[in-house]
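Keep in mind that the numbers below use all heavy atoms, side chains included, and drop hydrogens, waters and symmetry copies.
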Amino acid sequence: MTTFIDLTRLRALTSAEAEAATYGAQQQERMGFFTDTTLCIGCKACEVACKEWNELPQDGYNFTGMSYDNTGELGGYTWRHVAFIEQFDRTDGQAHPERKGRWLMESDVCKHCTHAGCLDVCPTGAIIRTEFGTVVIQEDVCNGCGYCVVACPFGVISEQTHEGTMGKCTLCYDRLKAGEEPACAKACPTESIQFGPVDELRERAGRRLKAVEQRFDGAQLYLTNKQDGIGGGGSMWLLLDKPEVYGLPPDPIVPTKYLPQMWQAASIAMGMLAGAVIFATVAGARR
């Protein structure tokens with residue numbers, strides 16, 4: 001991976017300013033994903049393609065207790081995760097598909113946040129925003145400290161235990177550099193996962209919502225709002241139920257959103273403390 005702008009300067013800016021500086025310097029459109037869950041058939045082709053292209057180890061075949069979901073969640077070696085949610089009437093603890101109900105399926109991935117907490121807290125400069133507007137971890141710079149894990153409001157990042165570094169979706173940065181779309185979007189047979197410029201995807205998501213909301217009660221968009229707690233996502237979804245049904249936070253807020261105000265308040269408090277110490281010292285000397 002290559003660092004595209006001065007990281008020392010980047011760390012002195014807010015996330016929004018850093019994003020503008022990066023995009024302005026590179027003059028590239030921001031690229032991302034729109035996932036239409038109404039089209040997902042749960043085939044897991046995206047998971048397989050992601051692991052194959054990025055040479056990630058398999059998750060195994062252990063029963064997770066989560067329907068047909070053997071991966072369970074995103075992690076250091078699982079950069080795409082297809083969630084299966086069964087919404088059927090249940091009697092005596094058993095699912096009855098013949099009763100009124102439905103399957104919900106959703107392919108989850110890193111949100112590539114506009115205001116990225118993981119990038120804000122990384123002490124080594126391992127996490128950068130690329131010329132495509134995506135947020136990636138440079139594994140050769142990562143020291144495995146784990147600050148990014150707690151800074152992510154979505155629980156996307158975790159340790160790659162064999163390497164001692166952190167891992168998550170790169171939006172197939174190497175493929176983007178070669179003019180190719182990410183492996184997951186390329187492999188999706190129903191075009192549930194769509195790749196393109198983020199602004200265009202937001203418009204497409206809005207049109208798609210209008211087309212399906214009459215047929216699907218509760219259909220809604222997720223992470224398309226630039227005014228939300230992460231400034232909107234580079235990845236966005238059309239969901240058929242509330243985000244929490246899919247294991248997604250309903251109102252995500254990047255933990256570092258108020259970092260400038262926190263530092264300002266801390267500086268004021270330190271100044272007041274220093275003033276009090278000086279006053280006490282002077283007063284004591286006069287006695």
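Val48 and Phe195 are members of different hydrophobic clusters when ILVMFWY side chains are connected at heavy-atom separations under 4.5 Å. Two different hydrophobic clusters hold Met105 and Leu39 under the rule that ILVMFWY side chains link at heavy-atom gaps under 4.5 Å. Under a hydrophobic clustering in which Ile, Leu, Val, Met, Phe, Trp and Tyr are joined whenever their side-chain heavy atoms come within less than 4.5 Å, directly or via other members, Leu239 and Leu223 fall into the same cluster. Ile137 and Val135 fall within a single hydrophobic cluster, where Ile, Leu, Val, Met, Phe, Trp and Tyr side chains are chained together by heavy-atom contacts under 4.5 Å. With hydrophobic clusters built from ILVMFWY side chains whose heavy atoms lie under 4.5 angstrom apart, Trp79 does not share a cluster with Phe154.
A salt bridge does not link Lys177 to Asp174: none of the charged side-chain nitrogens sits closer than 4.0 Å to a carboxylate oxygen. Between Asp36 and Arg204, none of the side-chain N atoms (NZ, or NE/NH1/NH2) sits under 4.0 Å from a carboxylate O, so this pair counts as no salt bridge.
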For the pair Arg208 and Thr38, evaluate side-chain contact (heavy atoms from CB on, under 4.5 Å) and give the outcome as yes or no after the intermediate values. CA-CA 10 Å; Arg208 180 60 178 164; Thr38 69; 3.0 Å; yes
Please determine whether side-chain contact (heavy atoms from CB on, under 4.5 Å) holds for the pair Leu104 and Arg102, giving the CA-CA distance in whole Å, both sets of side-chain angles, and the decisive distance to 0.1 Å. CA-CA 7 Å; Leu104 298 180; Arg102 62 181 177 177; 3.7 Å; yes
Go through the steps for Phe84 and Lys44 under the test side-chain contact (heavy atoms from CB on, under 4.5 Å), then give the verdict. CA-CA 11 Å; Phe84 287 73; Lys44 287 183 175 281; 3.8 Å; yes
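From Met236, atom CE reaches atom CZ of Phe34 across 8.5 Å, with rounding to the nearest 0.5 Å. The line from OG1 of Thr256 to NE2 of His115 is 9.5 Å long, rounded to the nearest 0.5 Å. Going from atom NZ of Lys51 over to atom OH of Tyr77 covers 9.5 Å, rounded to the nearest 0.5 Å. Atom-to-atom distance recorded for Ile157:CD1 and Cys110:SG is 6.5 Å, nearest 0.5 angstrom. Atom-to-atom distance recorded for Phe216:CZ and Leu238:CG is 8.5 Å, nearest 0.5 angstrom. With rounding to the nearest 0.5 angstrom, the CD atom of Gln58 is 12.5 Å from the OG1 atom of Thr71.
Judged by distance alone, the side chain of Tyr246 and the main-chain N or O of Leu240 form a donor-acceptor pair under 3.5 Å. Between the side chain of Asn54 and the backbone N or O of Leu56, no donor-acceptor pair lies under 3.5 Å. Side-chain atoms of Lys111 come within 3.5 Å of backbone N or O of Val109 as a donor-acceptor pair.
The two residues Thr134 and Met31 make their nearest non-hydrogen contact at CG2-O, 3.9 Å. The two residues Ala151 and Cys118 have their closest heavy-atom pair at CB-N, 3.9 Å. Across all their heavy atoms, Cys188 and Ile193 have their closest contact at SG-N, 3.6 Å. Nearest heavy-atom pair across Val198 and Gly233 is CG1-O, 4.2 Å. Nearest approach of His112 to Ser235, heavy atoms of both residues: CD2-OG, 4.0 Å. The shortest non-hydrogen separation linking Glu106 to Cys40 is N-SG, 4.3 Å.
Looking only at side-chain heavy atoms (C-beta outward), Leu221 and Trp237 stay at 4.5 Å or farther from each other. Between Ile128 and Gln138 the shortest side-chain heavy-atom distance falls below 4.5 Å. Residues Val150 and Pro255 have side chains not in contact (no heavy-atom distance under 4.5 Å, counting atoms from C-beta outward). Side chains of Ile85 and Val245 form a contact here, defined as non-hydrogen atoms less than 4.5 Å apart. At a threshold of 4.5 Å between non-hydrogen side-chain atoms, the residues Glu139 and Gln160 count as touching. The shortest side-chain heavy-atom distance between Glu181 and Leu176 does not fall under the 4.5 Å cut-off. Within the 4.5 Å cutoff, no side-chain heavy atoms of Tyr222 are placed close to those of Thr35. A 4.5 Å side-chain heavy-atom check between Leu119 and Arg129 finds at least one atom pair inside the cut-off.
Geometric assessment of Arg80 against the ring of Phe33 yields a positive cation-pi assignment under the 6.0 Å and 45° thresholds.
For Gln87, the CD atom sits in a packed shell: over 12 heavy atoms of surrounding residues, nucleotides or ligands are nearer than 6.0 Å. Within 6.0 Å of the CD atom in Glu191, the count of heavy atoms belonging to other residues, nucleotides or ligands does not exceed 12.
Using modelled atom types and a 3.5 Å distance limit, the side chains of Asp241 and Gln220 yield no donor-acceptor pair.
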